[in-house]
Amino acid sequence: MERIGKIFKFMKEHGLECIAIKDIYTIRYLTGFTGDSSILYADDRVAVLITDGRYTEQARSELKYCRVMEYKADHSNSIWETVAGLVGTNRKMGFDGEAYSYDDAKALQTSLPETIELVSVSLRSLRSVKDERELECLWQASKIADGAFERLLKEIKAGMTEKELAARLEYYMRSLGSEGVSFDTIVASGHRSALPHGAPTDKVIEVGDFVTFDFGAMYNGYHSDTTRTVVMGMANSWHREIYTVVQEAQYRGMKAAKPGITGKELDAEIRGYIESRGYGKYFNHGLGHGVGLEIHELPNINSRGDIPLEEGMVFSIEPGVYIQGRGGVRIEDTVVLTREGAHSLTTLKKILTEIV
């Protein structure tokens, strides 16, 4: 009831008489519905989930504070005509334009009376501060991922391929209770560890390689996101130098994250440290991103992060250094912001791990 009430409050604050929400993550957050291909319509009288026959019974079992209406999926505009039939005398409708395709937005507009004013709004901020139930799900997802990686660490050997390691890691996450992977697992070794999003290949892991693992589990729809980099065999001076820079940057990011700082300021502070160590041009992505029902959501922890961070926000802190042709390191924790600062949901150690 509290969550569905957020949409009524949002409409009032933005001068809207009704709204048609398409984003499946926002719908899940507001109502508890876990299906897709649906629209959540709300005005000052009612909230209605409009769905098709595949999800009608599921929706009725999952929703407590929202009506369920089935549309007939017999032609492409049926769902929009059903929305239009609920509008009544309302004249100003909001819609989450980020979730609509051009064709969907045109179909909605065509189905509505000409007297309706359509206003594109962003609803992403509704989910930026997590409640206790959400934090529990995020913690469970991180616990699953941590346990899976600890199992994998005992098995990593030179001669295995990146694909084999990714498959084992995903299997262990599944076996520990993950609903799926948060994103396509990244395993990148040797010179390929300089690729921030290096998809696993048939490359064989060799002694002397950095091996970067970026992975996440899902629990009750919520994601985890963790990155650890290990070295095969004994680390040399270059391994230790680059790893220490990233490790210190990540530590500083954890310490600097406080309520009131913006994502842009946090990113700039850690980027400045990496630049001071001579590796600034090798840090080529944002410091982090919000994590929740989506793997990338608000708050932005990068140059676009203008919003002051608040208690209850959950985001990643993931500095990296990537040297083309040689290798790279990234260390990432997902954290929840508290009054005292960033508390990591990730419990894996961050010292340089040598696989010998």
Side-chain angles (χ1 to χ4, degrees), residues 2-3 6 29 124-147 149-150 182 214-217 219-229 243-274 276-277 283 285-320 330-352:
E2 180 181 351
R3 289 193 188 174
K6 287 187 176 184
Y29 173 76
R124 297 177 68 202
S125 62
L126 293 178
R127 296 187 277 119
S128 61
V129 175
K130 306 303 190 275
D131 59 31
E132 288 301 320
R133 185 170 55 177
E134 291 179 285
L135 293 176
E136 174 65 20
C137 292
L138 288 159
W139 180 82
Q140 289 289 352
S142 294
K143 182 180 177 182
I144 289 168
D146 287 354
F149 188 69
E150 286 173 343
S182 293
D214 191 348
F215 55 98
Y219 184 85
N220 198 23
Y222 285 83
H223 299 73
S224 73
D225 194 357
T226 305
T227 305
R228 289 294 184 268
T229 302
Y243 193 92
T244 299
V245 169
V246 177
Q247 184 181 32
E248 177 65 18
Q250 212 269 343
Y251 171 79
R252 289 178 178 231
M254 297 284 289
K255 288 296 184 182
K258 304 284 185 183
I261 193 173
T262 67
K264 179 189 294 187
E265 291 167 341
L266 183 57
D267 178 276
E269 182 168 341
I270 306 313
R271 194 169 300 277
Y273 167 73
I274 294 176
S276 75
R277 296 295 303 271
F283 179 27
H285 57 72
L287 181 64
H289 55 86
V291 180
L293 284 170
E294 292 181 272
I295 190 58
H296 291 96
E297 58 180 47
L298 291 179
N300 291 317
I301 312 296
N302 54 34
S303 60
R304 303 186 307 278
D306 295 321
I307 301 170
L309 301 181
E310 301 177 45
E311 291 178 47
M313 287 184 169
V314 174
F315 50 90
S316 66
I317 297 178
E318 50 178 304
R330 180 165 67 254
I331 302 172
E332 174 187 22
D333 289 344
T334 298
V335 305
V336 55
L337 197 62
T338 70
R339 185 179 307 171
E340 291 76 27
H343 174 74
S344 181
L345 298 174
T346 309
T347 60
L348 295 170
K349 62 183 180 181
K350 287 180 274 192
I351 62 172
L352 178 57

[X] side chain to [Y] backbone, donor-acceptor under 3.5 Å:
{"X": "Ser344", "Y": "Val335", "result": "no"}
{"X": "Thr346", "Y": "Thr334", "result": "yes"}
{"X": "Glu297", "Y": "Glu294", "result": "yes"}

Do you know which two heavy atoms are closest between [X] and [Y], and how far apart they sit?
{"X": "Thr338", "Y": "Glu311", "value": "C-CG, 3.8 Å"}
{"X": "Ala342", "Y": "Met254", "value": "CB-O, 3.7 Å"}
{"X": "Tyr273", "Y": "Val245", "value": "CE2-O, 3.6 Å"}

Pair Lys130-Tyr222, side-chain hydrogen bond (donor to acceptor under 3.5 Å, both in side chains): steps then yes or no: CA-CA 11 Å; Lys130 306 303 190 275; Tyr222 285 83; over 6 Å; no
Return the OG1 to CZ distance between Thr244 and Arg277, rounded to the nearest 0.5 Å.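 Answer for the OG1-CZ pair, Thr244 versus Arg277, is 7.5 Å.
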Residues Arg228, Asp214: salt bridge by 4.0 Å N-O rule: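 Salt bridge absent between Arg228 and Asp214.
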Derivation and outcome, side-chain hydrogen bond (donor to acceptor under 3.5 Å, both in side chains), residues Gln250 and Lys350: CA-CA 10 Å; Gln250 212 269 343; Lys350 287 180 274 192; 3.0 Å; yes
Run Glu340 and Lys258 through side-chain contact (heavy atoms from CB on, under 4.5 Å) and show every step you take. CA-CA 7 Å; Glu340 291 76 27; Lys258 304 284 185 183; 5.7 Å; no
Please lay out, stage by stage, how His289 and Asp225 fare under the test side-chain hydrogen bond (donor to acceptor under 3.5 Å, both in side chains). CA-CA 10 Å; His289 55 86; Asp225 194 357; 3.0 Å; yes
Other residues, nucleotides and ligands only: do more than 12 of their heavy atoms fall within 6.0 Å of CZ on Phe149?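 Correct, the count exceeds 12.
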Could you walk me through whether Asp146 and Thr347 satisfy the side-chain hydrogen bond (donor to acceptor under 3.5 Å, both in side chains) test, starting with their C-alpha distance in whole Å, then the side-chain angles of each, then the deciding distance to 0.1 Å, before giving a yes or no? CA-CA 7 Å; Asp146 287 354; Thr347 60; 2.7 Å; yes
Any donor-acceptor pair under 3.5 Å linking the side-chain atoms of Tyr219 with those of Lys143?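 No, no side-chain donor-acceptor contact under 3.5 Å.
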